[in-house]
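Remarks on the structure that follows.
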Amino acid sequence: EGRVREAVVSTQSTGGDRNAQWMGFLTRNVMEQANSFSEAKEMLMNQELLAPAYYILGGNSTGEGVVITRSMNKVEDMQSLNITEGRWYLLQTNYDPWDECPFYDDRRTPGNICVKQWGQENFGFKSLYNVLSTKPNLNKLTVYTSLLSVRDDIQTWLQDCKTPCTPW
């Protein structure tokens, strides 16, 4: 709710600043111009945006993964993979990582439980698809699920959450 309100205010308060970018355009620029994980991360961290965003970035080397929580002008939070400290995966939902999820839309807790049940040694596209396609992560607002791997593959599925299914 707070980030949505911030997004509405942000589009009204740019004051004609032509340096700020939409999230999608910055994403495209990063894919076209960045030559490394660190270069892509810097671009996502430093470009002024028109609205807040979450960027989930993975590299092609072990340990290269980060979730960047952005406001219009700065990085609000950054979570990085750190396998030696037990952070072999990162999970991001529609809510800031430092906030509690609302009781009616807690996808973080079941998502973390599912990922941990699979375990690091068994985790791959199939298990990630299963996590994202299991209620409550799958809900009536889910249109599609896409899985992208720097090294291997891109797969997308249209989704349909059969009734009974929560609306969010």
Under 4.5 Å side-chain heavy-atom separation, chaining through any Ile, Leu, Val, Met, Phe, Trp or Tyr, what else clusters with Val150? Say none if it is isolated. none

Scan the side chains in residues 141-149 for donor-acceptor partners under 3.5 Å anywhere in the protein, sequence neighbours excluded, and list what turns up.
from, atom 1, to, atom 2, distance (Å)
Thr142, OG1, Asn139, N, 3.1
Thr142, OG1, Asn139, O, 3.3
Thr145, OG1, Gln159, NE2, 2.9
Ser146, OG, Thr156, OG1, 2.8
Ser149, OG, Arg151, N, 3.4
Ser149, OG, Asp152, N, 3.1

Donor-acceptor check, side chain of Asn137 to backbone of Val131, threshold 3.5 angstrom: yes or no? yes

Taking every non-hydrogen atom, the tightest pair across Pro167 and Lys140: CA-CB, 3.7 Å

Could you name each residue pair satisfying disulfide bond (SG atoms under 2.5 Å apart) that touches residues 119-168, not counting sequence neighbours? Cys161-Cys165

Walk me through it: do Glu76 and Ser71 pass the test side chain to side chain donor-acceptor pair (under 3.5 Å)? CA-CA 6 Å; Glu76 296 290 335; Ser71 67; 3.1 Å; yes

Determine the minimum heavy-atom distance between Asp96 and Tyr54, stating which atoms define it. OD1-OH, 2.6 Å

Leu91 and Trp88: same hydrophobic cluster, using ILVMFWY side-chain contacts below 4.5 Å? yes

Grouping I, L, V, M, F, W and Y whenever their side-chain heavy atoms are under 4.5 Å apart, do Met43 and Met45 come out in a common cluster? yes

For the side chain to side chain contact (heavy atoms under 4.5 Å, CB included) test, which of Ile56, Val66, Ile68 pairs with Leu44? Ile68

Just jot down the side-chain hydrogen bond (donor to acceptor under 3.5 Å, both in side chains) partners of Asp99, sequence neighbours excluded, or say none. none

For the residue pair Trp98 and Thr69, establish whether any side-chain heavy-atom pair is separated by less than 4.5 Å. yes

Counting only heavy atoms not in Phe125 (residues, nucleotides, ligands), do more than 12 fall under 6.0 Å from its CZ? yes

Testing the basics here: between Glu39 and Ala34, what is the closest heavy-atom pair and its distance to 0.1 Å? OE2-CA, 3.5 Å

hydrophobic_cluster_shared for Val30 and Met78, side chain cutoff 4.5 Å: yes

With sequence neighbours left out, the residues meeting ring-ring contact (aromatic ring centres under 6.0 Å, His included) with Tyr129 are Trp157

Quick test of your reading: applying side chain to side chain donor-acceptor pair (under 3.5 Å), list the pairs with at least one residue in residues 100-125, sequence neighbours left out, ordered by first then second residue. Tyr89-Asn112, Asn94-Arg107, Tyr95-Asp105, Asp105-Arg107, Asp106-Thr109

Check the hydrophobic clustering (I, L, V, M, F, W, Y; side-chain heavy atoms under 4.5 Å; chains of links allowed) and say if Leu49 and Val75 are grouped together. yes

Partners passing side-chain hydrogen bond (donor to acceptor under 3.5 Å, both in side chains) against Gln47 (at least two apart in sequence or in another chain): none

Summary of ring pair (Phe, Tyr, Trp, His ring centres under 6.0 Å) pairs that have at least one residue in residues 58-80, sequence neighbours excluded: none

Once salt bridge (charged side-chain N to carboxylate O under 4.0 Å, His left out) is applied, do any residues pair with Asp160, and if so which ones, sequence neighbours excluded? Lys162

Any donor-acceptor pair under 3.5 Å linking the side-chain atoms of Thr27 with those of Asn29? no

Sequence-distant partners of Ser36, side-chain hydrogen bond (donor to acceptor under 3.5 Å, both in side chains), two or more places apart: Ser38

Taking disulfide bond (SG atoms under 2.5 Å apart) as the definition, give me every residue that meets it alongside Cys114, ordered by chain and number, with sequence neighbours left out. none

So Phe37 and Asn60, do their side chains get closer than 4.5 Å, heavy atoms only? no

Same apolar cluster: Leu57 and Leu26, side chain cutoff 4.5 Å: yes

What is the minimum heavy-atom distance between Asn46 and Arg70, and which atoms define it? N-NH1, 4.0 Å

Sequence neighbours left out, what passes side-chain hydrogen bond (donor to acceptor under 3.5 Å, both in side chains) with Arg87? Give chain and number order. Glu85

First locate atom NZ of Lys74, then atom CD of Glu48, and finally report the distance between them rounded to the nearest 0.5 Å. 13.0 Å

